[in-house]
Amino acid sequence: MSKLRTAVVLAKTRWGWRPRTRAALERYQQRRIRAHLRFLRARSPFYAGVRTLAEAPAMDKQTMMANFDALNTVGVRRAEAEALALAAERSRDFTPMLGDVAVGLSSGTSGHRGLFLVSPEDRDAWAGTVLALTLPRGLVGHRIALFLRANNALYESVRSRLVDFRYFDLTVPVGQHLADLAEYRPTILVAPPSVLRLLAGAGSRLDGLQRVYSVAEVLDEGEAESFARAFGQQHLHQLYQCTEGFLARTCDQGVLHLNEQHVLIEPEWLDERRFTPVVTDFFRRTQPIVRYRLNDVLVARRGPCPCGSVLRAIERIEGRADDTLLLDGRVVFADLVSRAVIAADGFTEYAVVQTGPDRLQVQLDELAAASAVGVELDRLWQRLGLAAPAVEFVPYAADPGVKRRRVRRDWQGTADAAVRDRRVGDRPSGPGGAVR
């Protein structure tokens with residue numbers, strides 16, 4: 001890791017130029033994209049003939065993996081990268097690399113295995129960006145407790161004079177980490193909502209916490225406020241970070257903003273406010289992310305953010321496009337289902353799984369609440385004009401090694417295509433204007 005490179009990126013990101021208008025931001029994005037494509041034409045066989053962003057093929061995980069060898073710019077072969085990443089997952093030793101390139105394995109929530117490569121230059125740029133955008137005002141002396149399912153050299157690169165860093169493995173029960181966590185006395189806590197709930201409920205006293213970040217999983221309605229209270233914070237912060245990039249973070253007003261100074265995000269509108277993001281990262285070079293369509297559903301914020309930023313504000317991340325139900329041939333977004341479920345009382349953990357064209361399984365940690373939940377779901381079907389599906393209530397079973405998904409569709413219907421067909425067109429919704 002080059003401390004100088006990291007420091008330069010940190011300084012530019014934290015104190016450098018910031019766009020004051022959307023037009024200025026878009027001009028900057030286009031300059032960065034033109035420069036990035038020049039680099040890719042020279043280094044990536046896959047992009048050798050691509051001169052404009054419009055010419056770049058649409059990308060997703062399946063396409064990226066199929067073209068892995070030709071797409072990356074450092075000559076890494078998929079077979080060797082996959083072997084290294086799988087060995088690290090099994091041994092829980094994430095230090096080995098291919099030369100100086102870090103390799104990670106991602107299944108996300110889609111169930112399809114993916115690989116990501118990060119060079120030292122990419123690591124330094126990532127570390128500088130993350131430090132600049134996530135650390136509180138005092139840059140020095142922070143201790144970051146990071147609860148994740150897998151460590152990686154990319155995360156380890158954050159460790160520096162500015163911060164110390166400790167990884168807590170989520171394949172180990174959270175209760176076994178409590179003593180070490182209290183002894184470590186983190187100033188910054190980073191964890192998925194399902195883990196934050198356990199830490200808040202365990203009565204662990206984490207004196208000195210300056211910031212708490214929610215990552216990796218979708219927040220339920222009200223969780224941000226309850227976690228902020230539990231950890232003594234004014235706001236719960238969020239990081240929207242995935243293998244495809246560092247996509248969004250929370251401002252000081254508690255509002256999530258897209259990281260549009262580092263990535264171009266083209267919205268594919270699903271309705272007046274919901275969209276799926278198509279991502280182009282114009283700094284990531286080892287494994288290019290160009291016109292990469294995520295399967296996430298984001299909701300644009302109504303009205304400007306009080307912080308004054310021109311970066312697009314997001315009200316919430318609803319989850320993945322397949323975190324939807326397909327009933328009576330219609331798409332029911334996860335947010336509607338979650339809001340209906342939590343309108344009932346008497347339980348803490350839940351999940352709603354579509355197991356057939358007209359069958360749902362509802363998992364509750366307190367089955368005594370099944371009747372109340374059933375009433376709220378029936379009200380939802382009536383309001384939407386849908387035939388009520390058959391509902392089976394079963395005990396909730398948490399797996400700390402798997403991302404929490406409140407609503408998901410295990411039945412292989414055609415909801416993904418249906419979601420895309422509901423697009424309203426590429427017109428803007430809320431502040432920020434269209435991203436071209």
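Along the sequence shown, residues carry numbers from 1. All heavy atoms count here, side chains included; hydrogens, waters and symmetry mates do not. All figures in this text were calculated on a predicted structure; none of them were measured in a lab.
- Not counting sequence neighbours, the partners of Tyr213 by the ring pair (Phe, Tyr, Trp, His ring centres under 6.0 Å) test are His237.
- In this structure, Arg408 pairs ionically with Asp410, as a charged nitrogen and a carboxylate oxygen lie closer than 4.0 Å.
- Checking Leu256, Thr276, Leu258, Leu270 one by one against Leu298, the side chain to side chain contact (heavy atoms under 4.5 Å, CB included) holds for a single residue, Leu258.
- Ring orientation note: the planes of Phe283 and His262 are tilted relative to one another, at an angle of 30° to 60°.
- Here CD of Glu225 is found 10.5 Å from NE2 of His235. Values are rounded to the nearest 0.5 Å.
- Closest heavy-atom contact between Pro193 and Val215: CD-O, 3.5 Å.
- For the atom pair CD of Gln30 and CG of Leu264, the computed distance is 6.5 Å after rounding to the nearest 0.5 Å.
- The backbone N or O of Arg249 lies less than 3.5 Å from no partner atom in the side chain of Asn259, so there is not a single donor-acceptor pair.
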**Study point:** Worked check of side-chain contact (heavy atoms from CB on, under 4.5 Å) between Thr13 and Leu133
**Key:** CA-CA 7 Å; Thr13 305; Leu133 295 180; 3.7 Å; yes
Exercise for review: May I have the step-by-step check of side-chain contact (heavy atoms from CB on, under 4.5 Å) for Leu98 and Val74, ending in yes or no?
Suggested key: CA-CA 10 Å; Leu98 290 175; Val74 290; over 6 Å; no
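- With hydrogens and angles disregarded, a donor-acceptor distance shorter than 3.5 Å links the side chain of Gln233 to the backbone of Phe231.
- Under a 3.5 Å cut-off, the side chain of Gln354 and the backbone N or O of Leu326 do form a donor-acceptor pair.
- In this structure, the separation between CG on Leu71 and CG on Leu40 is 8.5 Å, given to the nearest 0.5 Å.
- Ion pairing of Arg302 with Glu272 is absent here, as no side-chain N (NZ or NE/NH1/NH2) approaches a carboxylate O to less than 4.0 Å.
- Taking OG1 of Thr348 as the start and CG of Asp365 as the end, the distance is 5.0 Å to the nearest 0.5 Å.
- Distance alone, capped at 3.5 Å, is enough to place a donor-acceptor pair between the Glu260 side chain and the Arg312 backbone.
- Thr73 places a side-chain N or O within 3.5 Å of a backbone atom of Arg285 that can act as its donor or acceptor partner.
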Practice item. Step by step, work out the side-chain contact (heavy atoms from CB on, under 4.5 Å) result for Arg5 and Val9. Key: CA-CA 6 Å; Arg5 274 198 304 253; Val9 173; 5.6 Å; no
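- Evaluated for a side chain to side chain contact (heavy atoms under 4.5 Å, CB included) with Phe147, the options Leu198, Asp169, Val195 yield exactly one hit, Val195.
- Taking all atoms of both residues into account, the shortest heavy-atom contact from Leu131 to Arg14 is O-NH1, 3.7 Å.
- For His177 (side chain) and Phe168 (main-chain N/O), no donor-acceptor pair under 3.5 Å exists by modelled atom type.
- Aromatic ring pairs are classed by plane angle as parallel below 30°, tilted from 30° to 60° and perpendicular above 60°; the pair Phe347 and Tyr350 is perpendicular.
- Considering all non-hydrogen atoms of both residues, Ala132 and Leu10 come closest at CB-O, 3.6 Å.
- No donor-acceptor pair closer than 3.5 Å links the side chain of Thr187 to the backbone N or O of Gln210.
- Formation of a donor-acceptor pair under 3.5 Å by the Glu55 side chain with backbone atoms of Arg51 is found in this model.
- With a 6.0 Å radius and a threshold of 12 heavy atoms from other residues, nucleotides or ligands, Gln62 has its CD atom at or below the threshold.
- Under a 3.5 Å cut-off, the side chain of Arg293 and the backbone N or O of Ala58 do not form any donor-acceptor pair.
- In summary, Glu318 and Arg274 engage in a salt bridge, as defined by a charged side-chain N under 4.0 Å from a carboxylate O.
- Dense packing is recorded around CZ of Arg316, with more than 12 heavy atoms of other residues, nucleotides or ligands lying under 6.0 Å away.
- In this structure, Phe46 has no ring pair (Phe, Tyr, Trp, His ring centres under 6.0 Å) partners at least two apart in sequence or on a different chain.
- Checked by atom type, the side-chain pair Asp281/Tyr292 shows no donor-acceptor distance below 3.5 Å.
- A donor-acceptor pair is defined here as one N or O able to donate and one able to accept, closer than 3.5 Å; no such pair exists between the side chain of Gln287 and the backbone of Met64.
- Under the rule for a ring pair (Phe, Tyr, Trp, His ring centres under 6.0 Å), the partners of Phe275 that lie at least two apart in sequence or sit in another chain are Trp269.
- The nearest pair of heavy atoms linking Pro306 to Arg301 is CD-NH2, 3.7 Å.
- Pairing each heavy atom of Pro277 with each of Asp296, the nearest pair is CD-O, 3.5 Å.
- A distance of 10.5 Å separates CG of Leu247 from CG of Leu239, quoted to the nearest 0.5 Å.
- Look at Glu349 and Arg406 and you find a salt bridge, because one of the NZ, NE, NH1 or NH2 atoms lies within 4.0 Å of a carboxylate O, short of that distance.
- For the atom pair Arg143 CZ and Leu209 CG, the distance stands at 9.5 Å (nearest 0.5 Å).
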Practice item. Before giving the answer on side-chain contact (heavy atoms from CB on, under 4.5 Å), spell out for Glu315 and Arg273 the whole-Å C-alpha distance, their side-chain angles and the decisive distance to 0.1 Å. Key: CA-CA 10 Å; Glu315 181 175 307; Arg273 297 179 62 204; 2.3 Å; yes
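- Residues satisfying the side-chain contact (heavy atoms from CB on, under 4.5 Å) criterion with Ala351, sequence neighbours excluded, are Gln363, Tyr396.
- The side-chain hydrogen bond (donor to acceptor under 3.5 Å, both in side chains) check on Glu376 picks up Arg379, with sequence neighbours excluded.
- Residue pairs that meet the salt bridge (Lys or Arg N to Asp or Glu O under 4.0 Å) test with at least one member in residues 174-192, sequence neighbours left out, are Arg166-Glu183.
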